[in-house]
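In what follows, every chain begins at residue 1, and chains take the letters A, B, ... in the order their sequences are listed.
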2 protein chains.
Amino acid sequence: MDYKSKKVIGMGVITELTGLSERQVRYYESKGLVFPERTKGGSRKYSFHDVERLIDVASKLEDGWRIQDIKEREKRLSSKQRDDLIRGQLNSAFRTYPTKK
Amino acid sequence: MDYKSKKVIGMGVITELTGLSERQVRYYESKGLVFPERTKGGSRKYSFHDVERLIDVASKLEDGWRIQDIKEREKRLSSKQRDDLIRGQLNSAFRTYPTKK
DNA sequence: CGTGTAAGGAATTCTGACACG
DNA sequence: CGTGTAAGGAATTCTGACACG
């Protein structure tokens with residue numbers, strides 16, 4: 001695991017780095033947008049990747065997105081990627097669809 | 001500044017990552033071997049680079065080095081690097097010393 | 001010299017709830 | 001729905017000191 005994905009950043013630094021409030025960060029977690037680890041005592045630990053993620057989420061919310069929209073769009077995206085992958089495999093195996101004509 | 005040098009890691013994670021005690025980490029700081037930043041409240045913040053540094057220091061201490069040795073050796077090293085740089089510049093400009101003969 | 005520890009305080013973070021809209 | 005806030009408690013971290021060797 002590289003530095004970017006290692007969960008080592010506490011809440012204080014997170015609010016500094018993202019500009020978000022503790023409330024916002026915890027709320028996004030409760031909605032399944034970020035997944036911090038915990039210390040034995042229960043404190044949250046985030047990665048630099050999480051920082052980028054939070055900033056991206058905040059940006060989308062400012063653009064009028066709702067949290068559910070963000071989650072669903074990403075679900076569709078990963079489904080599409082999966083479908084595209086399967087389709088590509090089928091295509092290379094059978095060439096079952098007309099190209100260009 | 002990249003992720004490796006950004007000071008975002010608190011004391012708790014530092015002791016986990018390095019295997020050192022808080023006492024050791026603070027003592028090495030008091031001797032000038034690491035330079036954490038501070039939160040407004042006064043808590044120390046370290047970088048991944050500091051983590052590597054601390055592990056290296058601990059390793060040398062186990063090998064029988066003293067903290068002063070570690071500091072002085074590094075001072076000599078950086079002096080040598082500086083001298084080498086200057087010597088190289090002089091050499092390329094004047095060729096004042098015999099090579100090989 | 002390098003490290004452990006008990007002491008007391010201050011800063012940090014957590015959860016659940018009430019509020020607004 | 002997304003966020004602010006006051007409340008109370010628990011976990012975290014800090015400093016300065018005494019101890020050992």
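- One atom, CG of A/L20, and another, C1' of D/dT3, lie 11 Å apart when rounded to the nearest Å.
- Put simply, CD1 on A/I14 is 11 Å from P on C/dC14, counting in whole angstrom units.
- By the salt bridge (Lys or Arg N to Asp or Glu O under 4.0 Å) test, B/K6 is found to be paired with no residue, residues two or more places apart in sequence or in another chain being considered.
- Residue pairs that meet the ring-ring contact (aromatic ring centres under 6.0 Å, His included) test with at least one member in residues 18-41 of chain A, sequence neighbours left out, do not exist here.
- With sequence neighbours excluded, the residues satisfying side-chain contact (heavy atoms from CB on, under 4.5 Å) with A/T18 are A/I14, A/L20, A/V51, A/L54, A/I55.
- If you take CD1 of B/I9 and C1' of C/dT12, they are 18 Å apart, rounded to a whole angstrom.
- For A/E74, the side-chain contact (heavy atoms from CB on, under 4.5 Å) criterion is met by A/R53, A/I70, not counting sequence neighbours.
- In this view, B/E72 satisfies the side-chain hydrogen bond (donor to acceptor under 3.5 Å, both in side chains) rule with no residue, not counting sequence neighbours.
- In this structure, B/K31 has no side-chain hydrogen bond (donor to acceptor under 3.5 Å, both in side chains) partners at least two apart in sequence or on a different chain.
- Shown here are the side-chain contact (heavy atoms from CB on, under 4.5 Å) partners of A/S47, two or more places apart in sequence or in another chain: A/K7, A/H49, A/D50.
- Here the C1' atom of nucleotide D/dG2 and the CD1 atom of A/I70 are 11 Å apart, to the nearest Å.
- Side-chain nitrogen and oxygen atoms of A/Y27 include at least one within less than 4.0 Å of the OP1 or OP2 phosphate oxygen of D/dG2.
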Between the protein and nucleotides 4-8 of chain D, are there any N/O to N/O pairs under 3.5 Å, and if so, what are the atom names and distances?
unit_1: D/dG4; atom_1: OP2; unit_2: A/S21; atom_2: OG; d: 2.6
unit_1: D/dG4; atom_1: N7; unit_2: A/R23; atom_2: NE; d: 3.1
unit_1: D/dG4; atom_1: O6; unit_2: A/R23; atom_2: NH2; d: 3.0
unit_1: D/dT5; atom_1: O4; unit_2: A/R23; atom_2: NE; d: 3.3

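- Using modelled atom types, one finds a donor on one side chain and an acceptor on the other under 3.5 Å when comparing B/S5 with B/D2.
- Put simply, CD on A/E29 is 16 Å from C1' on D/dT3, counting in whole angstrom units.
- Residues that satisfy the salt bridge (Lys or Arg N to Asp or Glu O under 4.0 Å) test with A/E37, not counting sequence neighbours, are absent from this structure.
- For the strand DNA chain D, secondary-structure stems (runs of at least three Watson-Crick or G-U pairs, all distances below 3.5 Å) span C:2-5 with D:17-20, C:17-20 with D:2-5.
- Scanning residues 34-59 of chain A for heavy-atom distances under 4.0 Å to DNA chain D yields A/T39, A/G41.
- OP1 and OP2 of D/dG2 both lie 4.0 Å or more from every side-chain N or O belonging to A/Y28.
- A/R44 is linked by a side-chain contact (heavy atoms from CB on, under 4.5 Å) to A/M11, A/R26, A/E29, A/P36, A/R38, A/Y46, counting only residues two or more places apart in sequence or in another chain.
- Between B/F48 and A/Y3, the ring planes lie parallel to each other; the angle is under 30°, not in the 30° to 60° tilted range.
- With distances taken from any side-chain atom of B/L61 to the nucleotides C/dT13, D/dT3, C/dG2, the minimum falls on C/dG2.
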